[in-house]
Amino acid sequence: MRLWELNMDGKVAIVTGGGQGLGKAIALGLAHCGASVCIADVNLAAAEEVASQARALGPRSLALQVDATVNEQAVRMAKQTVDAFGRIDILVNNAGGATGPTFGIGRVLNISERDWDDTLTRNVKSVFLCTKAVVPTMLAQKSGSIVNMASITGQFPFAGMPAYSAAKAAVINLTKSMAMEFAPHVRVNALAPGLIETPRTSLNRRPEQLTRLLTNVPLARMGTAEEVADMAVYLASDVAAYISGTILDCNGGQVWMTEDGRPNFRDADRKPPKT
Ligand SMILES: NC(=O)c1ccc[n+]([C@@H]2O[C@H](COP(=O)([O-])OP(=O)(O)OC[C@H]3O[C@@H](n4cnc5c(N)ncnc54)[C@H](O)[C@@H]3O)[C@@H](O)[C@H]2O)c1
């Protein structure tokens with residue numbers, strides 16, 4: 001299939017964390033291309049709203065309340081999708097994010113064990129469990145495409161976010177392991193977004209923080225959820241049929257250097273949370 005022929009009629013996709021932000025944009029991008037989409041989110045009301053927007057575009061859509069970090073719920077998600085649509089062609093493991101009251105910011109010396117576990121569970125275990133629940137259907141079909149949501153922090157650790165950075169680095173490596181394990185019939189790739197405007201990243205952000213963060217972004221702006229969604233749709237589609245085990249950057253040209261050219265491994269302005 002060539003890019004100008006991109007058509008997902010008859011394809012079935014699951015997007016975890018599809019209720020808002022990047023997951024919502026990806027779910028609607030897949031629906032625009034004709035795929036039936038299961039929107040799986042802990043927030044059922046948000047999932048239902050996105051499902052109704054997807055249905056307005058034409059394809060069938062299903063909203064499910066799913067905590068992607070709980071095995072039974074991941075298994076139920078796969079079963080209900082097959083019951084509703086008969087197959088699963090695409091899994092977007094998007095649920096994740098920096099967690100906790102401090103937005104996941106801290107130093108190794110003051111991150112609590114609980115915040116560490118929450119961050120690793122939400123970002124890595126969710127990918128493991130949802131993939132394990134869905135991939136037998138794809139292997140039986142002898143086709144499927146999985147897109148995992150990593151982050152630039154998995155490649156260049158962001159000072160003050162060691163747990164989140166470690167979790168996203170694990171997603172990158174897990175993507176490559178899965179790409180080897182599930183070949184030749186199932187492709188597995190990941191996206192590594194940089195600074196993208198979503199409800200999560202705009203939460204509690206001060207204008208001066210954004211200005212400082214953007215000094216590291218050559219294209220001098222945040223990305224949009226739709227720009228990430230277009231890349232997810234591409235990787236999920238048959239247009240990318242020869243791409244597996246790839247980490248696709250979408251970060252505004254960010255190579256994580258400060259204005260004076262030094263690697264930005266220190267983040268002195270950021271105060272560690274009080275413990
Ligand atoms: N926004 C960015 O700048 C950025 C950059 C790099 C990577 N990412 C990654 O992209 C993904 C989405 O980020 P976002 O900014 O859109 O986040 P967001 O917080 O705006 O949306 C996340 C969605 O996932 C749902 N969710 C959270 N935990 C879940 C769980 N356990 N099971 C099911 N649903 C769950 C939430 O209810 C919400 O609807 C995350 O994995 C994040 O780490 C985001």
Side-chain angles (χ1 to χ4, degrees), residues 14-29 38-51 53 63-74 76-77 91-100 103-105 117-131 133 147-158 161 163-172 174-175 190-205 209-210 213-214 216-217 221-229 231-232 247-252 254 256:
I14 297 176
V15 182
T16 68
Q20 74 171 35
L22 300 185
K24 174 181 176 180
I26 293 167
L28 294 177
C38 166
I39 291 120
D41 202 292
V42 277
N43 182 341
L44 182 60
E48 281 173 339
E49 171 57 30
V50 177
Q53 290 181 32
L64 293 179
Q65 183 163 37
V66 176
D67 183 338
T69 68
V70 178
N71 186 47
E72 297 70 37
Q73 298 192 26
R76 180 171 51 77
M77 170 186 81
L91 170 65
V92 182
N93 281 313
N94 165 77
T99 59
F103 201 50
I105 294 166
D117 286 345
D118 282 353
T119 304
L120 273 284
T121 299
R122 190 192 291 217
N123 289 282
V124 189
K125 189 177 177 186
S126 60
V127 176
F128 164 66
L129 290 179
C130 292
T131 302
V147 180
N148 296 329
M149 193 56 76
S151 162
I152 190 172
T153 59
Q155 302 161 315
F156 308 102
F158 192 87
M161 300 182 89
Y164 182 71
S165 301
K168 291 303 191 183
V171 171
I172 287 173
L174 186 55
T175 297
L191 290 172
L195 275 179
I196 313 296
E197 188 72 89
T198 66
R200 186 172 60 90
T201 51
S202 53
L203 197 70
N204 301 328
R205 188 187 58 223
Q209 279 177 311
L210 180 60
L213 287 168
L214 288 178
N216 290 313
V217 183
R221 65 170 175 86
M222 294 186 84
T224 67
E226 288 69 27
E227 286 168 320
V228 177
M231 299 178 79
I247 314 303
L248 202 51
D249 294 348
C250 30
N251 59 28
Q254 201 170 357
W256 218 245

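Both counts, for ligands and for their atoms, begin at 1 and track the order of listing. Computed over heavy atoms, backbone and side chain alike; hydrogens, waters and symmetry mates excluded.
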Short N/O distance, under 3.5 Å, between [X] and ligand 1?
| X | answer |
| --- | --- |
| Arg200 | yes |
| Thr16 | no |
| Ala98 | no |

Suppose I only count heavy atoms of [X] and a 4.0 Å limit; which atoms of ligand 1 are within that range?
| X | answer |
| --- | --- |
| Ile196 | 1 (N), 2 (C), 3 (O) |
| Gly21 | 16 (O) |
| Thr201 | 1 (N), 2 (C), 3 (O) |
| Thr69 | 31 (N) |
| Gly194 | 3 (O), 5 (C), 6 (C) |
| Asp67 | 30 (C), 31 (N), 32 (N) |
| Val66 | 32 (N), 33 (C) |
| Gly17 | 23 (C), 24 (O), 25 (C), 34 (N) |

*Give the C-alpha distance, both sets of side-chain angles, the deciding distance and a yes or no for side chain to side chain contact (heavy atoms under 4.5 Å, CB included) between Leu28 and Val50.*
CA-CA 8 Å; Leu28 294 177; Val50 177; 4.2 Å; yes
*Main-chain N/O of Gly17 paired to Asn94 side chain as donor or acceptor, under 3.5 Å*: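 Here the side-chain-to-backbone pair exists.
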Taking C-beta and beyond as the side chain, do [X] and [Y] meet within less than 4.5 Å on heavy atoms?
| X | Y | answer |
| --- | --- | --- |
| Gln73 | Leu64 | no |
| Leu91 | Thr131 | yes |
| Glu227 | Pro193 | no |
| Ile172 | Gln155 | yes |
| Leu174 | Val127 | yes |

Quick one: nearest non-hydrogen protein atom to [atom], plus distance?
| atom | value |
| --- | --- |
| atom 9 (C) of ligand 1 | Met149 CG, 3.4 Å |
| atom 16 (O) of ligand 1 | Leu22 N, 2.8 Å |
| atom 7 (C) of ligand 1 | Ala150 O, 3.3 Å |
| atom 34 (N) of ligand 1 | Val42 N, 3.4 Å |
| atom 43 (O) of ligand 1 | Tyr164 OH, 2.6 Å |
| atom 6 (C) of ligand 1 | Pro193 O, 3.4 Å |

*Less than 4.0 Å between a side-chain N and a carboxylate O, is that true for Lys24 and Glu226?*
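Answer for the salt bridge query: no.
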_Would you compute the distance between atom CG of Leu129 and atom CG of Asn71 and round it to the nearest 0.5 angstrom?_
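Spacing of CG (Leu129) from CG (Asn71) equals 5.0 Å.
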_For Val42, the option from Thr16, Val70, Val66, Asp67 that meets side-chain contact (heavy atoms from CB on, under 4.5 Å)_ =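 Result: among Thr16, Val70, Val66, Asp67, Asp67 is the only option passing the side-chain contact (heavy atoms from CB on, under 4.5 Å) with Val42.
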*Intermediate values then yes/no, side chain to side chain contact (heavy atoms under 4.5 Å, CB included), Gln254 and Ile152*: CA-CA 9 Å; Gln254 201 170 357; Ile152 190 172; 3.6 Å; yes
Of [options], which has the heavy atom at the shortest distance from [atom]?
| atom | options | value |
| --- | --- | --- |
| atom 37 (O) of ligand 1 | Val127, Val15, Asp41 | Asp41 |
| atom 40 (C) of ligand 1 | Thr198, Thr119, Asn94, Leu129 | Asn94 |
| atom 27 (C) of ligand 1 | Arg122, Lys24, Met222, Gln20 | Arg122 |
| atom 30 (C) of ligand 1 | Ala68, Cys130, Gly97 | Ala68 |

*asked:* Taking side-chain contact (heavy atoms from CB on, under 4.5 Å) as the definition, give me every residue that meets it alongside Thr175, ordered by chain and number, with sequence neighbours left out.
replied: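 Testing Thr175 for side-chain contact (heavy atoms from CB on, under 4.5 Å), a comparison that skips the adjacent residues, returns Asn148, Val171, Val188, Ala190, Ile247.
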*For Met222, which residues count as a side-chain contact (heavy atoms from CB on, under 4.5 Å) partner, sequence neighbours excluded?*
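For Met222 the side-chain contact (heavy atoms from CB on, under 4.5 Å) partners, ignoring immediate neighbours, are Leu195, Glu197, Thr201, Arg205, Leu210, Leu214.
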_Ala225 to ligand 1, any heavy atom closer than 4.0 Å_ =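 It does not; every heavy atom stays at 4.0 Å or beyond.
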